[in-house]
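What follows is a single structure, written as structure tokens, with notes after it.
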Amino acid sequence: MMMKKIGILPAFALVLMAFQTAPKKPLPVKKPVAVAPAGLAAAVNRGKTIYLERCLACHQVDGGGVPHLNPPLDGASGVLGKDKARLIRIVLKGFDERVELDGEYYSNNMAAHADLSDQQIADVLTYIRNSWSNKAGAVTPAEVKAVRARIK
Amino acid sequence: MKKTISVLSLLLVVAAFSSFTACASDSLRSAAPNSVVADADNAGLKLPAGFSALKVAEGLGRARHIAVTAQGDIYVKLMGRVAEGKAVLRLRDRNGDGKAEEISGMGNYGGTGIAIKNGYLYASSDEEVFRYKLNEKGEVISPMQPEKIITGLINRRQHESKSITLDNAGNIYVNIGAYSNSCQERDRQPGSLGRMPCPILDSAGGIWQFRADKLNQTYGDGIRYATGLRNVVGLDWNNQLNQLFVMQHGRDDLHNIFPSLFTEQQNADLPAETMYALKKGDNAGWPYTYYDPFQNKKMLAPEYGGDGKKEGGKEFIDPVVAFPAHMAPNALLFYTGDMFPAKYKNGAFIAFHGSWNRAPLPQEGYYVAFVPFDENGKPGKWEIFANGFAGVEVVTGTRGAQHRPTGLAQGPDGSLYVSDDSKGTIYRIIYKGK
């Protein structure tokens, strides 16, 4: 535990230093931050429209879900994790299983959204993974396409 | 971290009192109800003039329904995963100040329903109903040996609570909620149509009547007393009319399922949450109809060909009171006490858990409402009785509500108790006049 922390610290310090030196130069206003691929902001924007239409009613404006009924997306390990395929599968097939998510059970069923295009599903998942307190990698249409092909 | 601490301290208190059985120090209890002291901030609640409130206990967990004995002990049913031997808590006020100093527990089954009738405590899991004999002090005689009176009830995740109430003829009434929003081919799927006839109604979506004293009853032993009720969490026997009254959780997602027929605003406003006075054999119309409180009509559900304008079947009963949509009535209590002013006598208190299906519009509810009933048992206009549970002016996302009213009980002195299943708070509302 301690060793791990020490290992991460130097790298973290380097990142911090990089950020601290940055403001001395005039910041480009419209360009997305260096870490974000150029397309991320656009994908997040497109994804938001889909979130409002398809997800917000249950998962709520703040991504907080509804206690014991609809799971939260904000801060959820399943949303932030590396298993993007599982997330994609849930959007495509809906969800009606009794499983534990971050120590809690949820009762409501989720509709399937297979009618959305690969691009739309990639966008909405990218939005969810980069909204509220969430920060995780984008989901690409190719990844959605691959999962869709597997479950058909 | 805070949560851990409050749970820990609760466990310590529970550990200190190992069981419900009578203990020798019973004489320590004060019987003076007038020494009950309201919290300086009325427990954070807004109440009508002359009323005040206190927090009896906090941090109990998912405190669902509650019942109070003739001696003033409070039994609390906890839902979900419960710690060993803590599915039903007993709260005891040892010094008469209104706060619970002693908390003990029993049972290993999470659930919602709890009731006291004729010397027995009844409590439910999401599939079964148990009862325990009480001694003359209102204490459970054998906490480890409940009698299982009902078993094998359907629990398919959604609307799983088995709420209970009893009449004066030896019957117990159990809600078996529909495991569906609107009986679609595919639950909550946009555009999916309703199944005809809805097969869920055979074993759920209604109120079942069983005997209160018979062991191991299941569907074959009971009677489907009323059907067409999507989910009832709050129900109570009205002694003035000698009749069962229930509060239905109305359907969700009119806009999400049929966006071309219903706007987001209509989704937030429809359908009404409804109170029904039931007679044996009644059908309240779910999933074929929903109640529109603006047109005062039963409308045909869009899953069955409705469009927001076509009326539904006339064979279904009308509600006796309609409330705003989605507020989730989780408890109903007819007040028979003498503490509150005369207008409250025989009237109905309703604990609204608070909405989620009004999004993107702000959420509503999170309060206790009151409906006066006149001398003929006719309901008047409803009003908000106790508000402020949410702790914020506007609830945008449901998790923003700090407390959510879920259970109601009347104390022997006429106090009204309210449980909160979000933070596990038990409130006591008292009236001392102006």
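Since the model is a prediction, treat every value here as computed from it, not as a measurement. In what follows, chains carry the letters A, B, and so on, assigned in the order in which the sequence lines appear, proteins first and then strands, with residues in each chain numbered from 1.
Of all heavy-atom pairs spanning A:Cys58 and B:Trp356, the tightest one is SG-CZ3, 3.7 Å.
Side-chain N/O atoms of B:Arg186 and A:Asn109 include no donor and acceptor closer than 3.5 Å.
Using a 4.0 Å cut-off between a side-chain N of Lys or Arg and a carboxylate O of Asp or Glu, A:Arg98 and B:Glu160 do not qualify as a salt bridge.
Heavy-atom distances place the side chain of A:Glu100, and not its backbone, under 4.5 Å from chain B. Interface remark: B:Arg156 contributes no atoms to any contact with chain A (heavy atom separation under 4.5 Å). Contact of B:Gln184 with chain A is not made at all, since no heavy-atom distance falls under 4.5 Å.
Note that CE of A:Met110 and CD of B:Gln189 are 9.5 Å apart. Values are rounded to the nearest 0.5 Å. Considering CG of A:Leu69 and NE2 of B:His159, their distance stands at 7.5 Å, rounded to 0.5 Å.
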How far apart are the C-alpha atoms of A:Tyr105 and B:Arg157, what are their side-chain angles, what is the distance that settles it, and do they pass the side-chain contact (heavy atoms from CB on, under 4.5 Å) test? CA-CA 9 Å; A:Tyr105 288 93; B:Arg157 280 193 330 137; over 6 Å; no
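The side chain to side chain donor-acceptor pair (under 3.5 Å) pairs that include a residue from residues 62-73 of chain A are A:Asp62-B:Arg399, A:His68-A:Glu104, A:His68-B:Arg62, A:Asn70-A:Asn108, where partners are two or more places apart or lie in different chains.
Residue-level contacts of residues 114-129 of chain A with chain B do not occur; threshold 4.5 Å between heavy atoms.
Highest contact tally toward chain A, considering only B:Ser422, B:Gly400, B:Ala359, B:Ala401, is held by B:Ala359 [criterion: heavy-atom pairs under 4.5 Å]. For chain B, the option among A:Leu56, A:Val61, A:Leu52 with the highest count of heavy-atom pairs below 4.5 Å is A:Leu56.
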